[in-house]
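Read the structure below first, then the notes.
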Amino acid sequence: MAYRLRSVGPDYTETAPVQLAFTAEASAPPEAVFEALADVEGWPRWFRQVADARPTADGTGREIRLRGGTRFRETVVAADPGERYAYRIDETNVPGLRALLEEWRLVPWHSGTVVRYTFALDGTAVTRASARLARPGLRRAFHDAVRRLDRRLTTG
């Protein structure tokens with residue numbers, strides 16, 4: 001991978017120049033949603049854009065390949081069972097990114113979960129503008145992923 005990104009922590013969702021946040025409801029409980037998020041190898045089964053995913057560094061890292069060829073080496077920066085799963089991108093083949101953190105927050109709601117996803121990044125001016133323009137596509141991808149994940153979790 002050609003591009004090394006700046007190391008950021010879980011609080012980057014509050015300070016990043018670009019913060020895109022989306023919410024969705026799942027009927028599965030937070031513990032089940034968290035377990036699916038922490039099962040890195042399972043992501044391609046419910047997140048259409050993920051072509052391949054594997055844990056690294058004894059589970060504290062991830063290698064992700066998206067459909068279309070985008071690749072990421074990541075570090076898990078928060079794994080709070082039933083509450084939060086977050087990872088920062090350390091290396092990628094995408095030019096223009098300077099820092100990127102993705103966070104999944106889980107809040108109990110009735111018998112299910114409210115899932116809040118935050119995509120926090122910094123990059124060149126073109127990259128920041130492109131991310132903002134990609135908001136509708138990211139929203140659709142997130143909602144589709146939560147729907148598919150919930151279906152997997154509630155139908156066995």
Side-chain angles (χ1 to χ4, degrees), residues 1-24 26 33-81 83-107 113-153:
M1 292 196 214
Y3 305 100
R4 181 114 181 109
L5 278 59
R6 187 171 72 245
S7 180
V8 295
D11 61 335
Y12 192 62
T13 57
E14 300 168 19
T15 61
V18 177
Q19 302 167 36
L20 307 175
F22 312 105
T23 60
V33 175
F34 176 85
E35 287 301 318
L37 292 170
D39 175 19
V40 176
E41 291 173 319
W43 281 55
R45 292 190 289 274
W46 56 269
F47 206 123
R48 290 179 203 246
Q49 288 74 14
V50 177
D52 187 47
R54 65 183 190 89
T56 62
D58 295 326
T60 61
R62 303 165 19 126
E63 285 193 6
I64 305 294
R65 185 172 52 83
L66 301 180
R67 300 198 187 287
T70 299
R71 295 186 321 272
F72 300 111
R73 281 199 187 111
E74 305 170 343
T75 297
V76 176
V77 297
D80 306 321
E83 296 177 17
R84 175 172 63 161
Y85 187 76
Y87 43 90
R88 100 174 146 244
I89 287 55
D90 297 315
E91 295 178 39
T92 184
N93 62 345
V94 177
L97 283 172
R98 294 184 183 133
L100 175 57
L101 180 96
E102 297 179 55
E103 177 187 67
W104 300 71
R105 286 229 177 231
L106 312 173
V107 178
T113 306
V114 172
V115 181
R116 178 180 168 90
Y117 168 75
T118 303
F119 185 83
L121 73 91
D122 187 16
T124 64
V126 169
T127 299
R128 291 191 310 266
S130 296
R132 288 182 184 103
L133 290 172
R135 177 187 294 268
L138 287 170
R139 178 183 292 117
R140 276 191 303 278
F142 164 72
H143 281 276
D144 178 65
V146 172
R147 227 179 357 264
R148 290 170 52 93
L149 174 60
D150 196 39
R151 199 174 312 127
R152 288 185 66 80
L153 294 174

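Computed from heavy atoms alone, side chains included, the values below leave out hydrogens, waters and symmetry copies.
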Problem set entry | Separation of R54 CZ from E41 CD (nearest 0.5 Å) | 9.0 Å
For this session: Please name the pair of heavy atoms, one in A99 and one in Y12, separated by the smallest distance, quoted to 0.1 Å.
Result: CB-OH, 3.6 Å
Exercise. Heavy atoms, side chains only, cut-off 4.5 Å: are Y85 and V76 in contact?
Worked result: yes
For this session: Mind checking the CZ-CG spacing from R148 to D150? Nearest 0.5 Å is all I need.
Result: 12.5 Å
Exercise. Tell me, do E83 and R105 make a side-chain contact under 4.5 Å, heavy atoms counted?
Worked result: no
For this session: Before accepting this row, confirm whether a basic side-chain N of the pair D52/R71 lies closer than 4.0 Å to the acidic partner's carboxylate O.
Result: no
Exercise. Is the closest side-chain donor-acceptor distance between T127 and S130 under 3.5 Å?
Worked result: no
Problem set entry | Contact check, side chains of Q49 and I64, non-hydrogen atoms, under 4.5 Å | no
Problem set entry | Side-chain touch Y87/T75, heavy atoms, less than 4.5 angstrom | no
Exercise. Considering residues, nucleotides and ligands other than R67, do more than 12 of their heavy atoms fall under 6.0 Å from its CZ?
Worked result: yes
For this session: Using atom types as modelled and distance alone, determine if a side-chain donor or acceptor of T70 lies under 3.5 Å from a backbone N or O of L66.
Result: no
For this session: Please report the shortest heavy-atom distance between T118 and A21, naming the atom on each side.
Result: OG1-CB, 3.9 Å
Exercise. Which pair of non-hydrogen atoms, one from G61 and one from A57, has the smallest distance, and what is that distance?
Worked result: N-CB, 4.1 Å
Exercise. Side chains of F142 and V115: closer than 4.5 Å at any heavy-atom pair?
Worked result: yes
For this session: Starting at OG1 of T13, measure out to CD of E103 and round the result to the nearest 0.5 Å.
Result: 4.5 Å
Exercise. Counting N and O atoms only, with roles assigned by atom type, does the side chain of Q19 sit under 3.5 Å from a partner on the main chain of A16, one being a donor and the other an acceptor?
Worked result: yes
For this session: Indicate, with yes or no, if the rings of Y117 and W104 have centres closer together than 6.0 Å.
Result: yes
For this session: Mark yes or no for whether N93, through its side chain, and A2, through its backbone, hold a donor-acceptor pair below 3.5 Å.
Result: no
For this session: To the nearest 0.5 Å, tell me how far I89 CD1 sits from R62 CZ.
Result: 7.5 Å
Exercise. How far apart are the closest heavy atoms of A53 and V50, and which atoms are they?
Worked result: CB-CG1, 4.0 Å
Exercise. Is any side-chain heavy atom of D144 closer than 4.5 Å to a side-chain heavy atom of F47?
Worked result: no
Exercise. Would you say L5 and T92 make side-chain contact, with heavy atoms under 4.5 Å?
Worked result: yes
Problem set entry | R128 side chain vs G123 backbone, donor-acceptor pair below 3.5 Å | yes
Exercise. Under a 4.5 Å cut-off applied to non-hydrogen side-chain atoms, are L37 and L106 in contact?
Worked result: yes
Exercise. What is the distance from atom OG1 of T113 to atom CG of L149, rounded to the nearest 0.5 Å?
Worked result: 9.5 Å
Seminar exercise, completed: CZ (F119) and CG (L101) are apart, to the nearest 0.5 Å, by 10.0 Å
Exercise. So, for F72 and L100, which heavy atoms are closest and what is the spacing to 0.1 Å?
Worked result: CE2-CD2, 4.5 Å
Problem set entry | Closest non-hydrogen atom pair between A36 and W43, with its separation | O-NE1, 3.7 Å
